[in-house]
Structures are given as structure tokens and as C-alpha cells.
Amino acid sequence: MNVEVSINPLCREPKIIIYTDKMTSEIEQIMRNIFSTEEDTLPVLSNKGVELIHCEDIIRLYTERKKVLVQTADEIYTIRLRMYELEAKLNSQMFVRISNAEIVNRKKIKYMDISKTGTIGVFLEGNVKTFASRRYVAKIKKQLGI
């Protein structure tokens, strides 16, 4: 790999350009490192104690029995944040709120079933099926570009 750094006093903001003939796992890892921040993880509670999980591993966040739960492919965790706090904290390019009680990872959506009555069934990885609230249908369609 060839790396070049150019220092220019007129430059106000750093700019990164990658020239390549194809996308490789090495380039994807570099991009993840460039764009990763502390906000890419969430502190959750498990039977081991407090764990930090990567947001890209989250399938959905939802409320059940007055608790906020975080579901990954491997486990379901508890988190001490409220849904409105999570919605503000999470990357809106990665997550979409589909009801008062649920936020889903857009990258984990397999497909959506839009019925004639306007309800949306959301099918996620891990054989998770959920439904979007009618109140959120317009917002979901706008955010997903439907």
C-alpha cells in the first residue's frame, strides 16, 4: 500500500482520498478506522456486567416491560438510556425509528412488507419480525427513500 500525506497551511479541514482499482477488506478496515468514534459503541448491561457493543452489531433496540433492550445476533442486553435518548445518540444513517417502542438498524433489514392498509412489516436478520407504527410510516419512507 502506498500512503502519501501532504501538509498544506491553506487547508482548513483534513481530506482523505483513496485511489484503488477495487474495494478490498483492507480498505474497508481503513475506512472503519477513519470513521469510527466512541459513539460507535454503546454501554449495555449483561449478566457479566457492563459491556461495550458495536452499533453495527445491533439488530434493534426496543422496549419491553418498561425496560429498553438491545438485540444483537448473539444476545439481548439491557440499556439504561431511554428511546428518545438513543434516537438522538445513534447515527440516523444507520438506524431508523419505526415506532415509539422500537429503533432498527437499517443495514439489518432484510425486507419490508408494505400492505395496502399502510402498515409495514419489517423483517430483520436473525428471523426477527416487527411492525412499524402508522405514525412513523411517512418518516420511515422519507428516511429510506421509498
> Which pair of non-hydrogen atoms, one from V44 and one from I79, has the smallest distance, and what is that distance?
Replying inline: CG1-CD1, 4.2 Å
>> To the closest 0.5 Å, what do you measure between OH (Y19) and CD (E4)?
In response: 9.0 Å
> Quick one: are L90 and C55 in side-chain contact, heavy atoms under 4.5 Å?
Replying inline: yes
> Side-chain contact, heavy-atom cut-off 4.5 Å: I58 with Y77?
Replying inline: no
>> For I7, give me all partners under side-chain contact (heavy atoms from CB on, under 4.5 Å), at least two apart in sequence or on another chain.
In response: V5
> If you round to the nearest 0.5 Å, how far is OG of S46 from CG of D74?
Replying inline: 12.0 Å
>> Counting only heavy atoms not in R80 (residues, nucleotides, ligands), do more than 12 fall under 6.0 Å from its CZ?
In response: no
>> How long is the straight-line distance from CD of E75 back to CG of D57, given to the nearest 0.5 Å?
In response: 12.0 Å
>> Taking Y62 as the starting point, is it possible to reach M112 by hopping between hydrophobic residues whose side chains are less than 4.5 Å apart?
In response: no
>> Minimum heavy-atom separation for R82 and V68, please, with both atom names.
In response: CA-CG2, 4.4 Å
> Is there a donor-acceptor pair closer than 3.5 Å between any side-chain N or O of R97 and the backbone N or O of N100?
Replying inline: yes
> Would you call R60 and E102 a salt bridge, taking side-chain N to carboxylate O under 4.0 Å as the test?
Replying inline: yes
> Are any non-hydrogen side-chain atoms of I98 and I120 less than 4.5 angstrom apart?
Replying inline: no
>> On a heavy-atom basis, which atom in I59 and which in K108 lie closest, and how many Å separate them?
In response: CA-CG, 4.0 Å
> So, do K110 and N127 sit near enough that their side-chain heavy atoms are less than 4.5 Å apart?
Replying inline: yes
>> I need the N105 CG to E56 CD distance, nearest 0.5 Å.
In response: 9.0 Å
>> Less than 4.5 Å apart, side chain to side chain, heavy atoms only: is that true for M94 and D40?
In response: no
>> Tell me whether the count of non-hydrogen atoms from other residues, nucleotides or ligands lying under 6.0 Å of NZ in K139 goes above 12.
In response: yes
>> Do L42 and L86 make a side-chain contact, defined as non-hydrogen atoms from C-beta onward lying under 4.5 Å apart?
In response: yes
>> I'd like to check L61 versus L81 (side-chain heavy atoms, cut-off strictly below 4.5 Å). Are they in contact?
In response: no
> Just how far is it from atom CG of D113 to atom NZ of K129, taken to the nearest 0.5 Å?
Replying inline: 7.0 Å
>> So L45 and V50, do their side chains get closer than 4.5 Å, heavy atoms only?
In response: yes
> Any link between I103 and Y84 through a network of hydrophobic side chains (Ile, Leu, Val, Met, Phe, Trp, Tyr) touching at under 4.5 Å?
Replying inline: no
